[in-house]
Amino acid sequence: MWDSEADSGRDVYGNGVLSATKPGVRTDGFEQRGQSWYVATDIPSDLLVQIGDISFHLHKYPLLSRSGKLNRVIYESPRETEANRINLDDLPGGPEAFELAAKFCYGIAVDLTAANISGLRCAAEYLEMTEDLEEGNLIFKTEAFLSYVVLSSWRDSILVLKNSEKLSPWAENLQIVRRCSESIAWKACANPKGIRWQYTGKPHRSSVSSPKWNELKDSSPSRGSPVPHDWWFEDVSILRIDHFVRVVTAIKVKGMRHELVGAAIVHYATKWLSGFARDSPLDGDGSNSTFSSDSAGGGAAPWKGGLHMIVAGAKDDSAPAAVQAKDQRLIVESLISIVPPQKDSVSCSFLLRLLRMASMLKVAPALVTELEKRVGMQFEQAALSDLLIPAYNKSETMYDVDLVQRLLEHFLVQEQSEGCSPGRQSFSDTKMYDGAARGANPNAKMRVARLLDGYLTEVSRDRNLSLTKFQVLAEALPESARSCDDGLYRAIDSYLKAHPTLTEHERKRLCRVMDCQKLSIDACMHAAQNERLPLRVVVQVLFSEQVKISNAIAGSSLKEGGGGEPHYQPLIPNRKTLLEGTPQSFQEGWAAAKKDINTLKFELDTVKAKYLELQNDMETLQKQFDKVTKPKQASPWTAGWKKLSKLAKAPEHNDGGQHLPAADVPKKTAPRRWRNSIS
């Protein structure tokens, strides 16, 4: 279909050769002398056109008969001297486009190509070379060539869009950018089986336009390798970022799969952003681009796009190494705005690398927030190396801990929203969804918990990291996210190593984020000998491990007795799946387990003995203290008088049977006895 249109267009317009029907001045052509162009004719020139450093010595009549702008400028000039000299520095396309337009006015054949058509079309519009002045003027013919030849070819559409970068805003106003973008998008979304690849990857030929397109969509490819789905990545990636955004937007409207759109964005970012490694996987769908060293099939050479061979082979001033920070910030902002909203369109690693670049280049805060939410959607896929983002322009910490805290909050909000979504469904659908959600969401939280523990271990070595930030980040996840706290204990121990000046209260506060009952045997043995931990935490670790050991022994005894299902099961499955990187495992055999049990019992008895010894020492010290603080005894004379007074009062006490003070004796003896005798 496109082949026939292209061929017919070339037949009508002389295979791209353009000439005026009625030349005004007979000439053999143009000749250049230094920075000046002259018409090869005997008639002296009467018009000088200056464009930058280039001057054109021409004649008025051929130009005025076809250009409305030159006609108006010359006849509206107040003086004749000014009418013979025109300055056109703002002409789109520059001297090259004006040279072609001037040749057209003189009737000289002009070869139209994809490299010069955009500049010539804009120059014709600037010079107002319309049909009102002459039928078949330059605007009509360049527009026809664009519509019938350029837009029917993949290669020409790319080249015209690339050359339109220097023609803003003329190319935009003349709809050249829009039409080329839609043409590229339509061809990229077409069935790859309809592409004939016999010309693809070969040097440019004037008689063909690569790649060729077959009218029969179901026809098989040619003898070469099969067409990959990402065949258009390299060609589109040579465009400037604003034109790339236009093409990707048009491709998304056409219905391209979001995985391929994401892979194209990753390919573009890898090529133009200096912070992206070229050997990194371009995974929208997890596969590398076919433009790498991988061959499409067998031992054949890798496929290269036709435009890649023509354009990318020639180095220009817009190489990726020459892109400045301002341009890179524009690229990052544009890529963030066109990332597909689907969860698996791009990898989390790519999003984190893009977030690193956004933080470094000071991208707009609104776009950074949007990118952080996007990372939170698939935070469980993140890698620790991508998460270690430096704190740019901040002197407090080495890494941006606050950024990770925000990413974690976005992840929890996303998990909570997904957990609440089944309530909108029917009851039967809700039960089915709950069964799947219980298996998916906990696994995601467990992966994030392991990732977070590794991140805490890395950032804990920073001496500027405050205890509050460490504690808040460690407690951000719910308790159900961790089935084992070995990673968290490793992070706490690393933090204690890097911060030896912590007080006892701060150490206890730090250890509160860890659940001693979720530590493995290896972690418990390490904690029992860790002098950096508070003594109370060590006792809690030993006690919790003793409880788990007793439960495991009880469960094994019930299993050996054959008394049905035991009430206490050893924690073997959790340790098997969650404890990674530990020197030993609980499944190495009961012989090693019994050895560990005996060791722990001995250490627990030692701690108890030390505790009893300290308690006895405390009681001894208390007795000594009581003896020291006891009041002194009276002198011997005072003791003797007290004995005599006691002997004198002894008969009275024996008669009344009561011990009364000496001051109360004269008041109580006779009257009380007389009354008692009368009664």
Side-chain angles (χ1 to χ4, degrees), residues 453 460 467 470-471 474-475 479 482-557 567-572 574-575 579 582-586 588 590-630:
D453 293 343
S460 62
L467 177 60
F470 184 92
Q471 185 177 6
E475 295 177 345
E479 295 182 359
R482 291 185 179 93
S483 298
C484 179
D485 280 6
D486 283 10
L488 191 56
Y489 167 71
R490 191 178 298 111
I492 292 174
D493 185 47
S494 178
Y495 189 87
L496 291 175
K497 287 181 183 178
H499 302 79
T501 59
L502 292 178
T503 63
E504 187 70 15
H505 174 71
E506 290 175 339
R507 292 172 185 268
K508 291 180 180 179
R509 174 185 166 190
L510 177 63
C511 294
R512 287 196 193 103
V513 303
M514 175 182 61
D515 188 358
C516 299
Q517 297 180 359
K518 294 183 179 181
L519 295 179
S520 66
I521 292 180
D522 299 315
C524 288
M525 293 185 64
H526 186 277
Q529 302 174 1
N530 194 345
E531 298 178 355
R532 290 178 293 271
L533 295 178
L535 180 60
R536 185 173 182 179
V537 176
V538 175
V539 173
Q540 289 178 355
V541 169
L542 293 175
F543 178 76
S544 62
E545 190 60 24
Q546 187 182 23
V547 172
K548 287 191 290 185
I549 290 171
S550 62
N551 293 342
I553 294 174
S556 63
S557 62
H567 297 283
Y568 302 96
Q569 294 290 343
L571 303 178
I572 294 176
N574 292 335
R575 288 173 184 157
L579 298 182
T582 54
Q584 292 182 353
S585 176
F586 193 73
E588 289 183 357
W590 278 106
K594 289 180 180 180
K595 183 179 178 180
D596 295 338
I597 291 170
N598 295 331
T599 304
L600 290 174
K601 283 183 178 181
F602 175 76
E603 292 178 355
L604 184 60
D605 293 339
T606 304
V607 173
K608 288 181 179 180
K610 290 181 179 180
Y611 177 75
L612 293 176
E613 185 179 353
L614 291 174
Q615 190 174 6
N616 293 333
D617 293 341
M618 182 177 177
E619 291 177 356
T620 304
L621 291 175
Q622 185 67 31
K623 290 179 181 180
Q624 293 179 0
F625 179 75
D626 293 341
K627 289 181 181 180
V628 172
T629 57
K630 188 176 181 180

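Along the sequence shown, residues carry numbers from 1.
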Starting at [atom1] of [X], measure out to [atom2] of [Y] and round the result to the nearest 0.5 Å.
X: Lys610; Y: Thr606; atom1: NZ; atom2: OG1; value: 7.0 Å
X: Cys484; Y: Asp515; atom1: SG; atom2: CG; value: 10.5 Å
X: Leu496; Y: Arg507; atom1: CG; atom2: CZ; value: 5.5 Å
X: Lys508; Y: Arg536; atom1: NZ; atom2: CZ; value: 6.0 Å
X: Lys623; Y: Lys627; atom1: NZ; atom2: NZ; value: 8.0 Å
X: Tyr495; Y: Leu502; atom1: OH; atom2: CG; value: 5.5 Å

When you compare the side chain of [Y] with that of [X], does any pair of heavy atoms fall below 4.5 Å?
X: Thr620; Y: Phe625; result: no
X: Pro534; Y: Glu504; result: yes
X: Cys511; Y: Leu533; result: yes
X: Tyr611; Y: Val607; result: no
X: Gln540; Y: Gln517; result: no
X: His526; Y: Asp493; result: yes

- Within a radius of less than 6.0 Å around CD of Glu479, do more than 12 heavy atoms belonging to other residues, nucleotides or ligands occur?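 No.
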- Message: Can you confirm whether more than 12 heavy atoms, excluding those of Glu531, are under 6.0 Å from its CD atom?
- Response: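 Atom CD in Glu531 is not crowded, with 12 or fewer foreign heavy atoms closer than 6.0 Å.
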- Task: Begin from the C-alpha positions of Met525 and Ile521 and carry the test side chain to side chain contact (heavy atoms under 4.5 Å, CB included) through to its verdict.
- Result: CA-CA 6 Å; Met525 293 185 64; Ile521 292 180; 4.2 Å; yes
- Task: Begin with the C-alpha distance, continue with both residues' side-chain angles, and end with the deciding distance and a verdict on side chain to side chain contact (heavy atoms under 4.5 Å, CB included) for Arg509 and Leu467.
- Result: CA-CA 9 Å; Arg509 174 185 166 190; Leu467 177 60; 3.9 Å; yes
Identify the heavy atoms of [X] and [Y] that sit nearest to each other, and give their distance.
X: Ser494; Y: Ser460; result: OG-OG, 2.8 Å
X: Leu488; Y: Met514; result: CD2-CA, 4.1 Å
X: Leu542; Y: Ala528; result: CD2-CB, 3.7 Å

- Passing option when Asp486 is tested against Asp522, Leu519, Asp453 for side-chain contact (heavy atoms from CB on, under 4.5 Å):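 Filter result, single survivor: Leu519.
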